[in-house]
Amino acid sequence: MKKLLIIKYAELNTKKGNIDMFIKTLYKNLKLRLEGIDCEIKYDQGRMFVTVDETYYHKCIDIISNTFGIHEVEIGYELDNNDLEVMKDSIIKVTKDMQFNTFKVETRRGFKKYPLTSLEVSRILGGVVLKNKENVKVDVHNPEVIIHVEIRDNKSYIYALSYPCVGGYPFGVAGKGLLMLSGGIDSPVAGYLAMKRGVKLECIYFDSPPHTSDEARNKVINLASILASYAGMPIKVHVIPFTKIQEEIYKNIPNEYLITIMRRMMYRISAKIAHRNRCKVLVNGESIGQVASQTLDSMSVINETIKMPVIRPVACFDKLDIIDIAKKIKTYETSILPFQDCCTIFVPEHPIINPDLETCYEYEKLIPNYEELILEAIKNHKVVYTDKYNQEKNSEFEDLL
Ligand code: ATP
Ligand code: MG
């Protein structure tokens with residue numbers, strides 16, 4: 001009888017056509033995330049198994065439970081046959097040190113030719129527990145403990161200790177998206193939620209030195225690093241020099257449209273960077289009605305600049321719910337550091353909440369070279385990887401322009 005961690009990925013099992021790719025991706029991701037821990041991971045018939053020294057169980061369960069695509073992890077036992085007598089012996093050992101008053105045994109047969117039905121196995125093994133443990137009762141409706149038994153053609157598994165995990169899809173199976181990552185609370189949460197649906201992320205940050213500081217920028221890279229820790233791999237961050245465009249906007253555009261036009265420029269640049277990096281969608285932290293630029297009117301006028309779909313995972317969340325998630329995923333403490341973002345400098349007193357598209361066109365003519373400025377910003381953008389963000393390298397796309 002071998003003690004191990006048993007991983008369930010329930011939702012993946014419904015993805016019949018792509019299941020192989022899903023499982024291979026999950027396996028690869030988990031291997032990366034458990035890097036540095038001496039363990040063996042294998043998969044077989046809808047389960048993944050991790051064999052590791054018991055002293056690492058706590059650490060492994062912590063990592064596994066935060067790995068996208070995993071529904072539940074259990075501490076269990078693998079028997080190298082499905083002999084009923086061996087299972088009887090094993091269930092006595094498994095339950096010996098467990099504390100409970102009520103229980104039930106639930107059996108699942110992966111091996112359909114097994115001579116006994118699931119119910120018969122549960123009854124027999126339940127009887128063994130009753131006989132060998134004092135003061136316990138069966139309760140099929142509301143047991144304190146469920147002892148699971150899984151029967152395979154040449155193996156069986158017994159487990160009773162389960163830990164819930166984040167669920168979702170393995171990081172990367174949905175293709176790539178570009179996260180507009182600011183230093184706020186919302187966009188890291190939006191990124192996390194997209195990652196949870198299998199979206200592989202790159203990030204884009206609009207940097208406006210000297211109006212915004214190095215600290216503000218490092219804070220964004222740090223937020224990307226926290227997201228990267230859930231991916232198990234570095235995340236690429238595109239840092240866009242936005243100062244010139246922003247200054248042109250403030251010089252030329254009437255006050256109430258400043259933010260609308262600025263965000264239209266951000267969208268244009270983001271879509272171009274996404275396209276060049278094979279990102280299929282933009283992801284951002286907009287939430288309906290949170291600020292003037294996030295009313296439905298504003299969102300539609302801003303969105304009009306691009307054809308690419310925009311995913312807004314927190315669009316319908318209350319701020320308090322977003323904060324809750326930010327705390328859980330450990331981005332909150334970094335997000336609340338007080339460095340100014342380019343959206344929070346030169347904020348007009350009365351930004352428009354129902355901008356008009358024709359007016360945007362008129363105002364954008366006041367910056368006749370804005371398309372050149374956009375190309376220049378893209379040309380001069382820097383790519384930073386989260387695992388070594390001090391060693392910047394120049395944009396690899398320079399020669400494409
Ligand atoms: P909060 O401080 O409420 O978390 P936020 O930064 O999410 O705010 P806004 O400043 O209105 O809210 O921006 C909306 C979205 O636009 C952000 O969630 C982010 O996706 C994107 N965004 C804003 N500023 C930048 C920036 N400097 N670089 C990249 N993306 C940005
Ligand atoms: Mg912000």
Side-chain angles (χ1 to χ4, degrees), residues 177-194 199 201-209 211-224 227 235-243 245-246 249 258-274 279 281-295 298-299 302-303 305-306 308 310-327 329 331-348 351-353 377-378 381-382 384:
L178 181 67
L179 171 67
M180 299 170 71
L181 184 61
S182 68
I185 295 168
D186 305 329
S187 49
V189 171
Y192 174 88
L193 292 173
V199 178
L201 287 185
E202 291 190 12
C203 300
I204 183 167
Y205 168 62
F206 294 89
D207 196 21
S208 285
H211 311 299
T212 58
S213 62
D214 284 355
E215 283 97 333
R217 176 169 159 223
N218 286 340
K219 169 179 162 182
V220 170
I221 307 289
N222 287 339
L223 287 168
L227 293 179
I235 286 183
K236 193 173 176 182
V237 184
H238 302 268
V239 179
I240 308 290
F242 200 52
T243 315
I245 296 177
Q246 213 172 0
I249 292 172
L258 286 181
I259 299 281
T260 315
I261 303 296
M262 185 184 80
R263 296 196 61 78
R264 281 170 61 88
M265 298 299 173
M266 281 183 171
Y267 265 54
R268 289 181 171 114
I269 294 173
S270 300
K272 281 192 164 53
I273 293 283
C279 296
V281 296
L282 296 184
V283 180
N284 70 32
E286 288 171 347
S287 180
I288 301 170
Q290 198 184 84
V291 287
S293 61
Q294 293 170 24
T295 61
S298 286
M299 282 203 250
I302 291 162
N303 209 151
T305 48
I306 63 168
M308 185 170 277
V310 181
I311 309 286
R312 300 175 176 86
V314 300
C316 301
F317 285 15
D318 288 351
K319 189 76 186 189
L320 288 178
D321 297 334
I322 300 173
I323 289 175
D324 265 359
I325 301 177
K327 285 181 177 162
I329 66 171
T331 53
Y332 183 74
E333 293 300 324
T334 305
S335 287
I336 57 171
L337 294 173
F339 305 119
Q340 284 214 317
D341 178 56
C342 72
C343 287
T344 49
I345 50 172
F346 319 122
V347 182
I352 189 149
I353 56 168
I378 292 176
H381 94 278
K382 300 264 171 55
V384 180

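Being a predicted model, the structure only gives us computed values, none of them experimental. Quick note: numbers below take in every heavy atom, side chains included, and nothing from hydrogens, waters or symmetry partners. Order of appearance sets the numbers: ligands from 1, and atoms from 1 within every ligand.
- The shortest N or O to N or O distance between Met266 and ligand 1 is not under 3.5 Å.
- Heavy atoms only, all atoms of each residue included: Met308 and Ala274 are closest at SD-CB, 3.5 Å.
- Side-chain atoms of Arg263 and Asn284 include no donor-acceptor pair closer than 3.5 Å.
- For atom 7 (O) of ligand 1, the choice among Val189, Asp186, Ile185 with the nearest heavy atom turns out to be Asp186.
- For atom 25 (C) of ligand 1, the nearest non-hydrogen atom from the set Gly285, Ala190, Ser182 belongs to Ser182.
- Among the atoms of Arg263, some N or O lies under 3.5 angstrom from an N or O of ligand 1.
- Looking at Val283 next to ligand 1, no N or O pair under 3.5 Å apart turns up.
- Sparse packing is recorded around CD1 of Ile353, with 12 or fewer heavy atoms of other residues, nucleotides or ligands lying under 6.0 Å away.
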When you look at Ile204 and Ile269, which way does the side chain to side chain contact (heavy atoms under 4.5 Å, CB included) test go after all the steps? CA-CA 9 Å; Ile204 183 167; Ile269 294 173; 4.2 Å; yes
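- Near Val291, meaning under 4.0 Å from one of its heavy atoms, ligand 1 places the atoms 11 (O).
- In terms of heavy-atom proximity, Thr305 sits nearest to Ile302 at OG1-O, 2.8 Å.
- Taking each of Gln294, His238, Met262 in turn, the one with a heavy atom nearest to atom 12 (O) of ligand 1 proves to be Gln294.
- Residue Ile204 touches ligand 1 through its backbone alone, judged by heavy-atom distances below 4.0 Å.
- Considering both main-chain and side-chain atoms, Tyr205 never comes within under 3.5 Å of ligand 1 through any nitrogen or oxygen pair.
- At under 3.5 Å, a nitrogen or oxygen of Met180, whether backbone or side chain, sits near a nitrogen or oxygen of ligand 1.
- Between atom 3 (O) of ligand 1 and the options Lys319, Glu286, Gln246, the minimum heavy-atom separation is to Lys319.
- When side chains are defined from C-beta on, Asp186 counts as touching Lys319, because their heavy atoms get closer than 4.5 Å.
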As a quick check of understanding, evaluate side chain to side chain contact (heavy atoms under 4.5 Å, CB included) for Val384 and Tyr205, giving each step before the final call. CA-CA 11 Å; Val384 180; Tyr205 168 62; over 6 Å; no
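- In this structure, OG in Ser293 is found 12.0 Å from CG in Leu258, a value given to the nearest 0.5 Å.
- With respect to Val314, the side chain to side chain contact (heavy atoms under 4.5 Å, CB included) criterion is satisfied by exactly one of Ile325, Asp321, Ile322, Ile288: Ile322.
- Those atoms of ligand 1 with a heavy atom of Leu181 less than 4.0 angstrom away are 28 (N), 29 (C), 30 (N).
- Checked by distance only, ligand 1 and Asn284 stay at 3.5 Å or farther apart across all their nitrogen or oxygen atoms.
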